[in-house]
Amino acid sequence: MTTLLITNARLVNEGKITTQDVFIKDGFIEQIGANLSHLSASQLIDAQGKYLLPGVIDDQVHFREPGLTHKASIYTEAKAAVAGGTTSFMEMPNTVPNALTQGLLEDKYQIASNTSLANYSFFMGASNDNYDEVMKTICPDVCGIKVFMGSSTGNMLVDAPEVLEKLFANAPCLIATHCEDEPTVKQRTAMFKEQYGNNVPYDIHALVRNEEACYKSSSMAVELAKKHGTRLHILHISTGEETSLFEVGAYGDSTVAMSEKRKKRITSEACVHHLWFDSEDYRRLGTQIKCNPAIKAAHHKAQILQAVLDNRIDVIATDHAPHTWDEKSKGYWDAPSGLPLVQHSLNMMLEFVQQGKISIERVVEKMSHAVADVFAIDRRGYIREGYWADLVLVDLNDTTTVTKENILFKCGWSPLEGTTLHSRVTHTVVSGHLVYANGVFDESVKGKRLRFER
């Protein structure tokens with residue numbers, strides 16, 4: 001029997017901050033109360049002065065295993081995640097080979113069960129020619145089906161209209177989409193290659209993969225979902241225009257019952273880099289912040305944040321997508337898209353708290369509560385008795401400076417290098433196990449497979 005007692009914590013949960021103790025037994029939160037010091041526990045944490053949050057659930061990461069482990073592995077990226085307060089992740093299917101069969105999907109679960117320090121789930125991939133495999137997806141066991149409605153890796157672009165219609169009409173569970181209009185991107189790529197050749201400014205990325213490409217594809221996904229009643233989740237919204245596609249909903253409202261929140265059929269995600277960076281940063285960071293969809297002009301990040309605050313955008317994630325420094329050091333046309341952020345996403349959002357742009361309660365809603373609700377995750381995302389103990393302690397009176405020496409994801413670089421963030425993750429608990437404490441890992445227990453109430 002494993003027990004853990006956390007005392008004197010400023011507990012942030014369901015829109016409130018209260019001083020509480022939390023008693024954990026055999027992986028679950030057994031008791032929450034104002035004074036539980038009389039309980040005997042094998043481990044004790046005095047959280048005086050610190051905030052206790054439900055662990056971050058990141059619904060979009062690329063951990064590169066199998067097939068691309070020179071960039072990252074499930075082990076390395078999950079380790080970086082828990083050091084940053086992320087206790088659960090959902091990983092994308094564009095590994096090598098692409099996760100386009102149930103067998104290949106299950107292979108990834110097997111790797112994670114042996115190596116991941118965080119809880120895990122993996123998306124089933126869709127292509128133009130694997131419809132029958134997609135339909136075999138077992139909804140309580142898998143976070144969702146990933147549809148790339150835009151450029152992707154390998155055989156994962158779904159652009160056949162008849163396939164999209166069938167997927168949206170018959171998908172057994174949530175569809176998550178990457179939305180960029182492929183013909184628009186191709187046309188603009190050709191135009192700028194003719195104009196600039198290889199001597200192209202980095203900020204051209206926001207013009208190649210522009211607002212039109214994003215809105216055209218996202219609006220098509222919304223139209224299909226409304227037509228067929230699909231449970232749709234649009235990933236990494238990068239433009240203000242796209243936020244008009246979504247209704248103000250219940251996610252993020254702590255007064256609304258979970259059952260009511262889960263009735264919302266079309267939901268969306270913002271990523272931390274689209275809130276943090278803008279097109280002016282290309283001058284300083286170049287291809288380090290080249291990602292798809294592109295980071296765009298500054299007014300977009302303000303509009304995306306506003307949509308987060310008014311619940312048109314439901315969750316916040318990273319789209320953590322590491323590449324080696326050598327790969328990223330290539331010229332604009334050849335450098336791959338994606339940036340690594342899973343170790344610092346919570347710190348980044350807490351920086352916005354320090355700046356008065358968002359409350360810590362709303363950060364918890366968007367990075368934990370709402371993710372659990374959007375995906376109908378079984379007993380996670382909240383600090384509640386009877387729920388899995390996925391918890392993170394943060395000190396808002398301390399700092400974290402991002403350096404090469406303390407980066408844990410395998411690629412070894414970050415666009416945040418040299419940045420001092422005014423918070424520090426001190427402890428992370430995954431499924432009741434204290435996996436991280438002040439820089440020290442206990443890797444004796446691995447994370448668990450997420451289950452879904454569908």
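Numbers for residues simply follow the sequence, beginning at 1. Everything numeric here is computed off the predicted structure, so don't read it as measured data. Side chains included, hydrogens not; waters and symmetry mates left out as well; all remaining heavy atoms used.
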Keeping the roles fixed (side chain from [X], backbone from [Y]), state whether a donor-acceptor pair exists under 3.5 Å.
| X | Y | value |
| --- | --- | --- |
| Gln354 | Leu396 | yes |
| Asp203 | Tyr282 | no |
| Ser217 | Glu180 | yes |
| Asn130 | Gly125 | yes |
| Thr115 | Ile74 | no |
| Ser329 | Trp325 | yes |
| Asp181 | Lys216 | no |
| Thr400 | Ser423 | yes |
| Asn128 | Asp159 | yes |
| Ser268 | Arg312 | yes |

How far apart are the closest heavy atoms of [X] and [Y], and which atoms are they?
| X | Y | value |
| --- | --- | --- |
| Lys410 | Thr76 | CB-OG1, 3.7 Å |
| Ser368 | Gly55 | OG-O, 3.0 Å |
| Ile313 | Ala270 | CG2-N, 3.5 Å |

So, taking the atom named [atom1] in [X] and the one named [atom2] in [Y], what distance separates them when rounded to the nearest 0.5 Å?
| X | Y | atom1 | atom2 | value |
| --- | --- | --- | --- | --- |
| His369 | Ile377 | NE2 | CD1 | 13.0 Å |
| Met348 | Gln343 | CE | CD | 12.5 Å |
| Ile295 | Ser238 | CD1 | OG | 9.5 Å |
| Gln60 | Lys146 | CD | NZ | 5.0 Å |
| Glu211 | Thr184 | CD | OG1 | 12.0 Å |
| His433 | Lys446 | NE2 | NZ | 8.0 Å |

Against the six-membered ring of Tyr332, is Lys290 placed for a cation-pi contact (under 6.0 Å from the centre, within 45° of the normal)?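 Yes; both conditions hold, so Lys290 lies above the ring face of Tyr332.
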On the ring face of Trp413, is Lys328 found with NZ or CZ under 6.0 Å from the centre and within 45° of the axis?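 The answer is no, since Lys328 fails at least one limit relative to Trp413.
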Side-chain H-bond candidate by donor/acceptor type, [X] with [Y], under 3.5 Å:
| X | Y | answer |
| --- | --- | --- |
| His299 | Asp278 | no |
| Arg64 | His323 | yes |
| Thr137 | Gln102 | yes |
| Ser218 | Glu242 | yes |
| Asp373 | Tyr382 | yes |
| Asp58 | Thr318 | yes |
| Tyr109 | Ser121 | yes |
| Ser431 | Arg380 | yes |
| Glu351 | His422 | yes |

Please find out if less than 6.0 Å separates the ring center of Phe409 from that of His320.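 Distance test on ring centres: under 6.0 Å, yes.
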Does [X], at its [atom1] atom, have more than 12 non-hydrogen atoms belonging to other residues, nucleotides or ligands within less than 6.0 Å?
| X | atom1 | value |
| --- | --- | --- |
| Asn198 | CG | no |
| Glu162 | CD | yes |
| Asn199 | CG | no |

Using 4.0 Å as the upper bound for N to carboxylate O, is an ion pair formed by [Y] and [X]?
| X | Y | answer |
| --- | --- | --- |
| Glu365 | Arg362 | yes |
| Lys79 | Glu443 | yes |
| Arg188 | Glu212 | no |
| Lys330 | Glu327 | no |
| Arg451 | Asp141 | yes |
| Glu106 | Arg449 | yes |

Show your working on side chain to side chain contact (heavy atoms under 4.5 Å, CB included) between Met90 and Val371 and close with a plain yes or no. CA-CA 11 Å; Met90 303 178 205; Val371 192; 4.1 Å; yes
Test Asp314 against every option in Lys264, Lys366, Arg265 by the salt bridge (Lys or Arg N to Asp or Glu O under 4.0 Å) rule and name the one that passes. Lys264
Would you check if [X] and [Y] make a side-chain contact, meaning some heavy-atom pair closer than 4.5 Å?
| X | Y | value |
| --- | --- | --- |
| His274 | Ile237 | no |
| His236 | Cys291 | no |
| Ser337 | His205 | yes |
| Asp319 | His62 | yes |
| Tyr196 | Trp333 | no |
| Asn98 | Pro93 | no |
| Cys139 | Phe452 | no |
| Leu416 | Leu341 | yes |

Derivation and outcome, side chain to side chain contact (heavy atoms under 4.5 Å, CB included), residues Leu224 and Thr230: CA-CA 8 Å; Leu224 282 167; Thr230 316; 5.8 Å; no
Stepwise side chain to side chain contact (heavy atoms under 4.5 Å, CB included) check, Met124 with Lys136: CA-CA 10 Å; Met124 176 64 188; Lys136 297 175 186 176; over 6 Å; no
So salt bridge (Lys or Arg N to Asp or Glu O under 4.0 Å) across residues 89-105, not counting sequence neighbours, yields Glu91-Lys108
Identify, with sequence neighbours excluded, every residue that meets side chain to side chain contact (heavy atoms under 4.5 Å, CB included) alongside Ala169.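 With neighbours one apart ignored, the set is His228.
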Among Thr87, Thr86, Asp390, which one satisfies side chain to side chain donor-acceptor pair (under 3.5 Å) with Asn119?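 The side chain to side chain donor-acceptor pair (under 3.5 Å) with Asn119 is passed solely by Asp390 among Thr87, Thr86, Asp390.
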Step by step, would you call Thr267 with Arg231 a side chain to side chain donor-acceptor pair (under 3.5 Å)? CA-CA 8 Å; Thr267 55; Arg231 177 66 188 88; 3.0 Å; yes
Return the orientation label for the Tyr120 and Phe89 ring planes: parallel under 30°, perpendicular over 60°, tilted otherwise. tilted
